[in-house]
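One structure below.
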Number of protein chains: 2
Amino acid sequence: MDIARSEVFEAGTPIACRSCRARHGVVCGALSNAQLKELNRHSLRRKVEAGSAIIAQGSESSFYSNIMRGVFKLCKMMPDGRQQIVALQFAPDFVGRPFVRESTLSAEAATDAEICVFPRNLLDRMIAQTPELQRSLHDQALNELDAAREWMLTLGRRTAEEKVASLLHLIATHAEPQTAISAAFDLPLSRAEIADFLGLTIETVSRQMTRLRKRGVILIENSRHIVVPDMDELEKISA
Amino acid sequence: MDIARSEVFEAGTPIACRSCRARHGVVCGALSNAQLKELNRHSLRRKVEAGSAIIAQGSESSFYSNIMRGVFKLCKMMPDGRQQIVALQFAPDFVGRPFVRESTLSAEAATDAEICVFPRNLLDRMIAQTPELQRSLHDQALNELDAAREWMLTLGRRTAEEKVASLLHLIATHAEPQTAISAAFDLPLSRAEIADFLGLTIETVSRQMTRLRKRGVILIENSRHIVVPDMDELEKISA
DNA sequence: ATCTGAGTTTGATCTGGATCAAATCCGGAC
DNA sequence: GTCCGGATTTGATCCAGATCAAACTCAGAT
């Protein structure tokens, strides 16, 4: 896992990405057909294995990506090894930091994933030329900012139990957007990763999950597959 | 203070804002002279007392602001009263959430402050018409996102001592941007606010400040005025 | 079928920071 | 000047979550 963390994305055996406005997410919806065609000509579709990093903290990245499938985690590591996951990203999110080459965080696939990779130079040019695209990236940035600040509340002020419930709620609502009453989903994160997202230890995460199970708030089919019979109750616990 | 928190900004005795490209910060640098003139015609300069809120969590806000002087805190409050400050903003930051009227946080003056207030409708129109402006707001949003994520690391993974040192370092670098070796500055926050920013209690903040003082890392001239003889040491402690 | 090892759970104990409780400080009203 | 009340510091104690230490689980290798 530590090796995986330092493994930076390298172009492998890419597949040219066909025109796919619907699936390029945030980027393609905002482009003209001509731009889309050019973008596609210079873009690659790539499969990414769980655990491999596509952006490394502290290094320069010369591309952006759109997530087509899978979940990515954005991590910040301290020199002594302490780590904090600062966001999860799901399809069809855009991954990358517009306007700044050097990354202050790493982006790593939490599950097997598929991405579309755009050259930074080309997309930067298109952003400058296309207010629509700028707007759509601006919008994603603002949404991520809202989410980050919401999570700051979780990190700073919620108890371990509330933190775990918040995480399950977050995953449930992203995995099963229809989430009316009940939900069943696969956790894209290991216990260690959950701990790094919640600012807790593995053991505390595990104990809180067990507590929620014993109270009937969740069923743990196996450590990665969770069923939530009553989403309202989970939401209530996450405060 | 609790009353102040719920006190929402109301236009008082505003002063028409003269053309002041340099001082309007993020917004005005990106506008043409004609736009600037129109914006100024519909904008107000306002003094805001420490403690009064210009945006209330959960309510709609029909204006944006630029901070001309002073410090604002962005707060999120839980139903049971727990609170987290999720950002500090300094002149010449832009305050407001483009594209979404209802606010998920409150914005409150931490010190006496002065702002320029723009009507939301007008500025939204200008954003749509002015890629430069969109770009400059996009840029601020991305910088705030970086800052928020950096702070998530502080909240989730740093010790109380590291948290307090991080806060002092943050304030010092904003108050005294030249910050080469030593720095002296006024804290814009009370101990209670510092606690709410760091996810700690008042007592812990106080104890850690005392510890830093006894170690000679800081001098506390009075509870609000701090001298840092050696910024490097402070930075080292904040990890 | 058994072994292996990473991931997870559970148990025992410890501790950093919270909580409860007084002092002390200090700026403003008088 | 004295008094007052909120902010801050300091002290004593507590406890949620960390740490240390085993078990347990289970998918993949042999």
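Because only heavy atoms are used, hydrogens play no part in the values below, and waters and symmetry mates are left out as well, while side chains stay in.
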**Fill in**
Between CG of Asp196(A) and C1' of dG7(C) the distance, given in whole Å, is 15 Å
**Prompt:** How long is the line joining CG of Leu155(A) and C1' of dG17(D), in whole Å?
**Reply:** 15 Å
**Request:** Check whether any side-chain nitrogen or oxygen of Ser223(B) sits under 4.0 Å from OP1 or OP2 of dT9(D), and answer yes or no.
**Result:** no
**Asked** Taking atom P of dG6(D) as reference, at what distance in whole Å does atom CD1 of Ile202(B) sit?
**Response** 13 Å
**Fill in**
Side-chain contact check for Ser206(B): nearest option of dT8(C), dT10(D), dA18(C) is dT10(D)
**Message:** Base, sugar-phosphate or nothing for Thr201(B)? Non-hydrogen atoms, less than 4.0 Å.
**Reply:** base
**Message:** Measuring to OP1 and OP2 of dG17(C), would you say a side-chain N or O of Arg207(B) lies under 4.0 angstrom away?
**Reply:** no
**Message:** Taking the side chain as everything from C-beta on, heavy atoms only, tell me whether Phe72(B) gets closer than 4.5 Å to Ile115(B).
**Reply:** yes
**Prompt:** Under 3.5 Å, side chain of Arg158(A) to main-chain N/O of Ala239(A), donor-acceptor pair present?
**Reply:** yes
**Prompt:** How long is the line joining CZ of Arg211(A) and C1' of dT8(C), in whole Å?
**Reply:** 18 Å
**Request:** Say whether, by atom type as modelled, one donor and one acceptor occur between the side chain of Gln208(B) and the main chain of Val205(B) under 3.5 angstrom.
**Result:** no
**Complete:** His225(B) NE2 to dG27(C) C1', in whole Å, measures 18 Å
**Message:** Please evaluate residues Glu108(A) and Ile54(A) with respect to the criterion side-chain contact (heavy atoms from CB on, under 4.5 Å), reporting the C-alpha separation (whole Å), side-chain torsions for both, the decisive distance (0.1 Å), and the verdict.
**Reply:** CA-CA 6 Å; Glu108(A) 188 176 322; Ile54(A) 62 170; over 6 Å; no
**Fill in**
Assert: residue with more 5' nearest nucleotide on DNA chain C, out of Leu200(B) and Thr210(A), is Thr210(A)
**Request:** Just compare dT8(C), dC20(D), dG17(D) and give me whichever is closest to any side-chain atom of Glu203(A).
**Result:** dC20(D)
**Fill in**
Separation of dA16(D) atom P from Arg158(A) atom CZ, nearest Å, is 19 Å
**Request:** Find which nucleotide of DNA chain C each of Val205(A) and Gly199(B) is nearest to by heavy atoms, and output the residue with the more 5' nucleotide.
**Result:** Val205(A)
**Message:** Taking 4.0 Å as the cut-off, does a side-chain nitrogen or oxygen of Thr204(B) come that near to OP1 or OP2 on dA18(C)?
**Reply:** yes
**Asked** Under 6.0 Å between the ring centres of Phe63(A) and Phe118(A)?
**Response** no
**Message:** On DNA chain D, does the nearest nucleotide to Leu189(B) precede the nearest nucleotide to Ala160(A) from the 5' side, or the other way round? Give the residue.
**Reply:** Leu189(B)
**Whole-Å gap separating P (dC25(C)) and CZ (Arg191(B))** = 15 Å
**Rounded distance in Å - CZ (Arg213(B)) to P (dT9(D))** = 8 Å
**Request:** Return the nearest nucleotide to the side chain of Arg224(B); candidates are dT10(C), dG17(D), dT8(D).
**Result:** dT8(D)
